[in-house]
Every structure is written in structure tokens, then in C-alpha cells.
There are 2 protein chains.
Amino acid sequence: MTAASGRAEDLREACIAQALHIIDEIGLERLSMRDVARRLGVSHQAPYKHFKSRDHILAEIIRRAFDDFADALRARVRSDNPAADFYAMGVAYIAFAQARPLYYRLMFASTLPEPEQHPQMMISARCAYGLLRDGVQVLFAARGSPLSPSELDLEALFAWSSLHGSVSLLRTDALTPLDLAPQTRQRLAHHALDRIGAAFLLTPPAAAPPEEDAQ
Amino acid sequence: MTAASGRAEDLREACIAQALHIIDEIGLERLSMRDVARRLGVSHQAPYKHFKSRDHILAEIIRRAFDDFADALRARVRSDNPAADFYAMGVAYIAFAQARPLYYRLMFASTLPEPEQHPQMMISARCAYGLLRDGVQVLFAARGSPLSPSELDLEALFAWSSLHGSVSLLRTDALTPLDLAPQTRQRLAHHALDRIGAAFLLTPPAAAPPEEDAQ
DNA sequence: GCGCGAAAGTTGACACCGTCTACCGACAAT
DNA sequence: ATTGTCGGTAGACGGTGTCAACTTTCGCGC
């Protein structure tokens, strides 16, 4: 438990590393605790001394993914201009998704352990989301149109999910039959980022929808 | 023997219905073929006479989800105005996600069977995507700025994933601590739809829009 | 040094699971 | 009447998560 216990906690780290390797190799849903143990040359119960269940090791891995992701967002090129800063965060997002595809995929795997059972994982996820949220908040506040919390969530999730969709497309084989130039692939996610900016820098169409209030 | 009184293919349909029920009850990843058989009062091997594997019954269920989804999109209120038609498709999308949450969730479950193993599922998925894609294509073509195939994919996926993100937020418990009014929840997805429209009615940053005030 | 108690690791069991194989009755076509 | 296919049953195999009991290891107060 203490920092000095170094060697004692070795197996815990080894389990996480090996589990990540297995997920990369055969997929998240086919990861098994016994396989982790087998590959590490320990008994099938040894990992259970460090993780209460299969879901707990998964939650720990996903927590680290979110933490690394948050670090990447924080390490963006800062700018005093909120729009430029928001764009920089988007660029950092895209770079992370391309540099750490496995972590990125895990963050959005729908086979998550039940969230309320793994508060640490949720804390890290919300922390990463909070960074994006803050960026959106600053963006709108600088334009003199601050958002209510629920509106803020909505705009932030809009940005997040839009970017996620484009980034995911690059990972899928849906594009391979189109055999695009590598340059085009590189531009896809940034294109979406531009679209998000377009959506934000433009106030919603006031006339079209039935009722629009509370600006 | 219990359920065998009906027609020949009855068990196949019963398996699908029961599997859906189980997924709704305990989740996709905990669905088991033996449980399906047990609840139907047949032997644990009976379902295998109709589905080659667990993945095959899943693929069939997801295929139907995409088919129903495509039907819902097609049943939208049609309009000659491409922008209005696109908006109507978005409304239909949101309505489907709210009316058939289980089907909707399955369409985006990341624990999909390997796609190339289940071509029928992929055909249905691409068919549904094609509807959205066509809507985007008409939208841009009507504005006199037709898109290349790869650009079209990008814009369509941008719209899809943006809407998906907002719709998913409603299903998650991320919003419960905010205890929003039901009316606000109702508006969330439509708000995103407005944002997508805002992003599309504006040409990319390179060239300014030529006053296309169709609204 | 010693002893001890907790932690780490092992072994064994249990109840599941997917799926392969073999068997069996009904029934249709030859 | 024979044959073959189809839908269903029964059993087995290897795999899984995880509980329980056991043994080993190791840090720490004496």
C-alpha cells in the first residue's frame, strides 16, 4: 500500500499490462482473468488478490485511459483566445485518439462495468469530460452568451460526440473501400472539428424550430 | 415439447423474442444461449438448430433493429424542401431512439459480432446509414455544393454521431443529478439537431456562404 | 535474533457457459 | 419400405468467473 512496497505490487501492474496486451490482441470481450494469470505464469487466482473481479481490472484500465486522455487534453497548446483554445483541445483530442487507439477505444466501449460499482472510473471519466465542458463554457462566456448547466452539457456533448464519430470512422473499415489518400484521412477529423466550430460560432436558427427561448 | 405445438419455425422466432427479453432484463453481455433454451422449456441445444452460434442470434437481432430503424426513417414526414426533409429525418431518428430504446442501444453496442461474419447484419446497417447519407447529399446538392463521396461520408457521420451523442445522454444517468424538467429532456436531442443544421447551413470556413437564407 | 499476523500466491472445487458429437422420432420423397 | 432431412434431446469437453481453504512470504514490533 505504501510507496515503498514496490515489489509487492508488481503483479498488479503486470496484470494490467498483460490485460491490455490481451485486449489488443483478441478483444475486450474475450479477455479472461485466467488467461492473464496463465500468461504471467501465476496461478489462476493470483490476479484476484489485486482485483476483486474481472470488471474491477477493466475499470482500472479504463480509469487510466481517461486519466491519460485528460492529461493529453491538458497538454494542449494553450491560448488566451477561447476559440483558438477550444480548437487546440480538439486537435489534442484527435491526436490522442490516433496515438493511443487502444485506450481511446476502451473509453467508449459499451461493455463497461456498471458505473456505480466503480466510482474511481467514473471520477476519471467526469474529469476528462469536465475539461471539454470548461472549454465550451469559456467559449460561450467569451461571446457574452453564457450557458445554463444543462445547456452547457448539451453543447459539450454535442462537440464530444461529433468528434468521436469522425474519429471512430477512421478506425473502422468503413472507409477502406473508398481507398482515400492518407492525406484525406488525416483531414477527416479536423474537418469535423471545423464543423463543430461552425455550429458554435453561429447562433441557432431562431426562426425554424417551433419555440426557442432562454438565450 | 412445451412450446412445440406451433408451426415448424416457431422456435426460431421464440428464441429471438426471448433473447430480446433477456437482454432487456440482464444486459447483452450476460445473454446466454442456455438461458434462452431454459426459459423456453427446450433443451440447451435446441436453439442451435436455428442459429449457428450465439453471435448469429445476436446478428439477427441487430439486423432487425437496423431494419426497423430504417423503416422509421423512411416513414418520416416527407418534404420537397431538402432542409425540412433532413430535419424531419432527424426528428424521426430521435423518435425511434425514444420509442425503441432497446433496439436503438443494440444498434450501437460495441460488442458486435465480427461484421464480416454476418453480412446480412452489415447490409441492414449500411442500408440505414444510406438513408441518412442520401438526405445529406440532397441537402448539399440543393445548395449547389455537391460533395465528393468521402466528404459526404464525413458530413453524414458528423450528423449521425452528433445526434447519437445527445440521444445517448438521455439514456445515461449522467443527467439525473441535474434533475432537469421533463420538458428540457425532451428538447435536448432537438437542440442538437438544430446545431447540426447550423453547422451544415454554413459552408466551411474557406468560403463564405452566399446568403442562402432558405429558412 | 524471534514470532506473528497480514498479505500474496496456490490448489481445488462449483456452477456456469459455448459448442461439438451422437442419438432419436417424425415426416416427406423416392 | 427405404432413405434422408429436420427439429429436438442428451452427454461430454474445455473454457470461464469466483468462492473457500490452504501454504508461503515478508514486514515489523519485540
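Heavy-atom basis, side chains included; hydrogens, waters and symmetry copies ignored. Keep in mind the model is a prediction, meaning the values are calculated, not measured. Below, chains carry the letters A, B, ... as their sequence lines are ordered, and counting in each starts from 1.
- Rounded to a whole Å, the CG atom of Leu11(A) is 16 Å from the C1' atom of dC26(D).
- Dashed line: the shortest gap from a side-chain N or O of His50(A) to OP1 or OP2 of dG9(C) is under 4.0 Å.
- Straight-line distance from the CZ atom of Phe51(B) to the C1' atom of dT19(C): 16 Å, rounded to whole Å.
- The CZ atom of Arg12(A) sits 15 Å away from the P atom of dA7(C) (whole-angstrom rounding).
- Comparing Lys49(A) and Arg30(A) by the nucleotide of DNA chain D whose heavy atom lies nearest to each, the residue mapping closer to the 5' end is Arg30(A).
- Checked against a 6.0 Å centroid threshold, the rings of Tyr129(B) and Phe66(B) do not count as neighbours.
- Between Ser32(A) and dT16(D) there is a side-chain polar atom (N or O) within less than 4.0 angstrom of OP1 or OP2.
- Comparing Met33(B) and Ser43(A) by the nucleotide of DNA chain C whose heavy atom lies nearest to each, the residue mapping closer to the 5' end is Ser43(A).
- A salt bridge does not link Asp68(B) to Arg64(B): none of the charged nitrogens lies less than 4.0 Å from a carboxylate oxygen.
- Between the side chain of His44(B) and the base of dG11(D) there is at least one donor-acceptor pair of N/O atoms closer than 3.5 Å.
- Nucleotide dC17(C) holds its P atom 14 Å from the CD atom of Glu29(B), rounded to whole Å.
- No more than 12 heavy atoms of other residues, nucleotides or ligands shown are found within 6.0 angstrom of CZ on Arg30(B).
- Rounded to a whole Å, the CG atom of Leu58(B) is 11 Å from the P atom of dT19(C).
- Taking 3.5 Å as the limit, the base of dG18(C) and the side chain of Arg34(B) contain a donor-acceptor pair of atoms between them.
- DNA chain D is contacted by both Gln45(B) and Lys52(A); Gln45(B) maps to the nucleotide lying nearer its 5′ end (nearest heavy atom per residue).
- Classified by interplanar angle (parallel below 30°, tilted 30° to 60°, perpendicular above 60°), the ring pair Phe108(A)/Trp160(A) is perpendicular.
- For Arg38(B), a side-chain nitrogen or oxygen approaches OP1 or OP2 of dC17(C) to under 4.0 Å.
- As rounded to whole Å, 15 Å separates atom C1' of dT11(C) from atom OH of Tyr48(A).
- Leu31(A) places its CG atom 11 Å from the P atom of dT18(D), with the value rounded to the nearest Å.
- One interatomic measurement links the two molecules: CD1 of Ile26(A) to P of dG15(D), which rounds to 13 Å at whole-angstrom precision.
- Proximity of a side-chain donor or acceptor of Arg54(B) to a complementary backbone N or O of Leu31(B) within less than 3.5 Å is detected.
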